[in-house]
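Shown next, in structure tokens, is the structure this report addresses.
Atoms considered below: every heavy atom in the structure, side chains included; atoms not considered: hydrogens, waters and symmetry mates. Nothing fancy with the numbering, it's 1 onward along the sequence. Numbering of ligands and ligand atoms starts at 1, following listing order.
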Amino acid sequence: MASASCAHLDQVEVTELPEPVEGCEECLRTASSWVHLRMCLTCGTIGCCDNSPNRHATVHFRETGHPLVRSAEPGESWAWCYVDELGLAVPSG
Ligand SMILES: [Zn+2]
Ligand SMILES: [Zn+2]
Ligand SMILES: [Zn+2]
């Protein structure tokens with residue numbers, strides 16, 4: 001699990017979740033719903049997962065190139081790199 005590595009950890013700026021997590025910012029704007037929440041580790045934007053109708057976390061990656069998200073679900077502390085398609089623990093900063 002430590003053998004595969006992500007080369008994008010230098011783009012991690014935000015690792016702590018906001019308190020509380022209000023929801024997917026774009027879905028709240030458009031009165032849509034989501035399944036699970038992700039947070040961009042570069043700018044802290046909350047987006048929704050790929051099981052959600054609007055997949056805003058992935059849209060955010062495509063629009064901004066911010067490579068890493070973490071789960072914003074309670075008790076979950078995994079991260080995902082879209083570029084490397086690699087799961088990892090949330091970096092400690
Ligand atoms: Zn990476
Ligand atoms: Zn959304
Ligand atoms: Zn971002």
Discussion item. Set out, in order, the CA-CA distance, both residues' side-chain angles and the distance that settles side-chain contact (heavy atoms from CB on, under 4.5 Å) for R70 and R38, then state yes or no.
Written reply: CA-CA 6 Å; R70 64 162 290 168; R38 308 288 178 248; over 6 Å; no

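Separation of atoms CG (D50) and NE2 (H56) is listed at 11.5 Å; rounding is to 0.5 Å.
Considering the Zn ion (ligand 3) as centre, the angle to SG of C43 and to NE2 of H60 is 100° (10° rounding). Angle subtended at the Zn ion (ligand 2) by C24 SG and C27 SG: 110°, rounded to 10 degrees.
The atom of D84 that is an N, O or S and sits closest to the Zn ion (ligand 1) is OD2. Residue H66 approaches the Zn ion (ligand 3) most closely through its N/O/S atom ND1. Checked against the Zn ion (ligand 1), the N, O or S atom of H8 at the shortest distance is ND1. The N, O or S atom of H56 with the smallest distance to the Zn ion (ligand 2) is ND1.
Defined by atom type and a distance below 3.5 Å, a donor-acceptor pair is missing between the side-chain atoms of H36 and N51.
At least one side-chain heavy atom of C24 sits less than 4.5 Å from a side-chain heavy atom of W34.
Closest heavy-atom contact between V14 and C43: CG2-C, 4.1 Å.
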